[in-house]
Amino acid sequence: MRTALAHLLVRFAELQAMGGLTSITGERDVLPGGGPQKVGVAFADLMTGMYAAVAILAALSHRQRSGEGQYIDMALLDVQVATMANMNLNYLVSGKTPKRQGNAHANIASYQVFAAKDGQMVLGIDNGGQLRKFCEVAHCASWATDPRFATNAARVTHHDTLIPLIQQVLNKRTIKQWIGPLSRAGVPCGPINHQVVHRGMRADLAHPLAGTVPTVANLIKMSGSPIHYHGAPPTLSQRNKSVLSSVCGLDQEEIARLRNARVI
C-alpha cells in the first residue's frame with residue numbers, strides 16, 4: 001500500500017511538472033525559499049474527472065440526437081495544460097515564459113497575501129475603483145490620485161513600490177479590523193483559513209464497521225433535487241454481488257466462480 005501511494009505521489013508531482021504548473025508555482029527565485037513547487041493536491045486528476053463528466057454528458061446528448069456513441073479521449077496532461085488559464089495567454093500573446101510570482105498575481109496588482117497585525121490575509125484590488133475604496137478605509141487617499149497607481153498596468157509596473165506601502169498600512173490593524181470595513185466598502189478580502197465550518201461541507205455518515213465516519217459533503221447544492229446521503233462509501237467488495245448482477249448481468253453461479261477463483 002505504501003509503495004502504491006508513493007508511486008501515485010510521484011505521478012502527481014511528475015504530471016504537474018510536465019504540464020507546467022510546477023514552473024509557475026512557488027516564490028520568485030530572487031527571494032528566500034524561491035523555486036518550483038508542486039501544488040498540494042492532485043489538481044490534474046481532480047479536474048480531469050470534472051472535464052470527463054462534462055464530456056460524457058455531451059456525448060450522451062449527441063447520442064440522444066444522432067443515435068451514435070463515441071470514444072472519449074481524456075488525458076491528464078491535456079487537462080493540466082488547459083487549466084493554466086491566464087498563464088497560457090500570457091505566453092501566447094507575449095512569447096515570454098511565465099515566471100513564479102509567489103502569492104502575487106501575474107496580471108493584477110495588488111492581488112496577494114499580506115500580513116495584518118495578528119496574522120495573514122488576502123487582499124484583492126482588481127481595479128481603480130477598488131483602490132479608491134481601499135484608500136478610504138486605510139486613510140491613504142493620496143495613493144488613489146498617484147499616477148503610478150492610476151491603472152492596473154501602472155500598478156503592475158510599480159508593483160515593488162505599491163506592495164510595501166500597502167503592507168505598511170495593513171500592519172497597523174488586526175485581520176478582523178480590516179475584513180469588516182473593507183468588505184462593507186466592496187474591496188475583496190478574506191482571512192487565510194485552516195478550517196471551514198460553514199456551508200455544510202462536512203457530513204458524518206453511518207459506517208458498518210466504524211459507527212460513523214466523517215467525509216467531505218457533495219459541493220453541489222440543488223433546490224429541486226437536493227442530495228441525500230444514505231451511508232458511507234462501501235467497504236472493500238461490499239457491493240460486488242449487487243453490481244455484478246444488476247449492472248453486468250452475471251448470475252449467482254458465475255459470481256461464485258469468480259469469488260472462488262479470487263478474481264473478486
Side-chain angles (χ1 to χ4, degrees), residues 16-17 19-40 43 80-194:
Q16 290 182 14
L21 183 59
T22 305
S23 72
I24 62 168
T25 304
E27 190 52 87
R28 289 174 288 172
D29 290 335
V30 297
L31 297 178
Q37 296 282 329
K38 78 175 184 66
V39 175
F43 179 78
Q80 182 65 87
V81 172
T83 52
M84 296 281 279
N86 60 306
M87 291 300 189
N88 284 333
L89 288 179
N90 286 348
Y91 172 74
L92 293 174
V93 301
S94 71
K96 298 179 180 179
T97 301
K99 298 184 182 300
R100 289 179 293 281
Q101 304 290 333
N103 283 314
H105 196 289
N107 301 90
I108 301 173
S110 142
Y111 193 122
Q112 65 183 76
V113 174
F114 288 96
K117 190 174 183 179
D118 62 343
Q120 292 180 310
M121 58 179 285
V122 173
L123 177 66
I125 298 176
D126 295 348
N127 52 55
Q130 290 174 351
L131 177 63
R132 288 190 295 273
K133 293 175 182 178
F134 173 81
C135 291
E136 292 174 3
V137 175
H139 307 302
C140 50
S142 62
W143 299 357
T145 57
D146 191 317
R148 296 173 299 174
F149 314 139
T151 65
N152 181 65
R155 290 191 292 276
V156 171
T157 299
H158 297 283
H159 177 273
D160 291 341
T161 300
L162 177 60
I163 298 307
L165 291 174
I166 294 176
Q167 181 58 78
Q168 186 177 9
V169 169
L170 292 177
N171 281 333
K172 297 178 181 180
R173 306 183 199 173
T174 66
I175 294 175
K176 186 175 181 179
Q177 290 171 331
W178 280 117
I179 297 298
L182 288 175
S183 296
R184 288 191 292 272
V187 180
C189 61
I192 297 178
N193 293 329
H194 299 284

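Atoms considered below: every heavy atom in the structure, side chains included; atoms not considered: hydrogens, waters and symmetry mates.
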Considering only heavy atoms from C-beta outward, does the side chain of K38 approach that of T25 to under 4.5 Å? no
Donor-acceptor pair, side chain of T145 and main chain of S142, under 3.5 angstrom: yes
For residues 112-133, which residue pairs pass the side-chain hydrogen bond (donor to acceptor under 3.5 Å, both in side chains) check, not counting sequence neighbours? Q112-H159
Does N171 have any side-chain hydrogen bond (donor to acceptor under 3.5 Å, both in side chains) partners at least two apart in sequence or in another chain, and if so, which? Q167
Between CG on residue L131 and OG1 on residue T151, distance to nearest 0.5 Å: 10.5 Å
Selection residues 88-116 - residue pairs positive for salt bridge (charged side-chain N to carboxylate O under 4.0 Å, His left out), sequence neighbours left out: D29-R100
Which value, rounded to the nearest 0.5 Å, describes the distance between L162 atom CG and S110 atom OG? 6.0 Å
Gap separating the CD1 atom of I175 from the CG atom of L182, nearest 0.5 angstrom: 12.0 Å
Taking the side chain as every heavy atom from C-beta outward, state whether C140 and C135 have any pair of such atoms under 4.5 Å apart. yes
Decide yes or no for W143 and V169: does some side-chain heavy atom of the first lie under 4.5 Å from some side-chain heavy atom of the second? yes
Looking at CZ of R173 and CD1 of I179, how far apart are the two atoms once the value is rounded to the nearest 0.5 Å? 11.5 Å
What pair of heavy atoms forms the shortest contact from A82 to N88, and how long is it? O-ND2, 3.7 Å
In the structure I gave you, are the side-chain heavy atoms of V137 and V187 within less than 4.5 Å of one another anywhere? no
Taking the six-membered ring for Trp, are W178 and F134 parallel (under 30°), tilted (30 to 60°) or perpendicular (over 60°)? parallel
Considering non-hydrogen atoms only, spot the tightest contact between L170 and A115 and give its length. CB-O, 3.8 Å
Smallest heavy-atom separation, D160 atom then R28 atom, equals OD1-NH1, 4.1 Å
Nearest heavy-atom pair of L165 and T161: which atoms, and what distance? CG-O, 3.4 Å
Within this structure, what is the CD-CD distance for the pair E27 and Q37, rounded to the nearest 0.5 Å? 10.0 Å
Y111 OH: over 12 foreign heavy atoms closer than 6.0 Å: no
Going from CD on Q16 to CD1 on I24, what distance comes out if it is rounded to the nearest 0.5 angstrom? 10.5 Å
Looking only at heavy atoms, what is the nearest atom pair of Q80 and F43, with distance? NE2-CD2, 3.9 Å
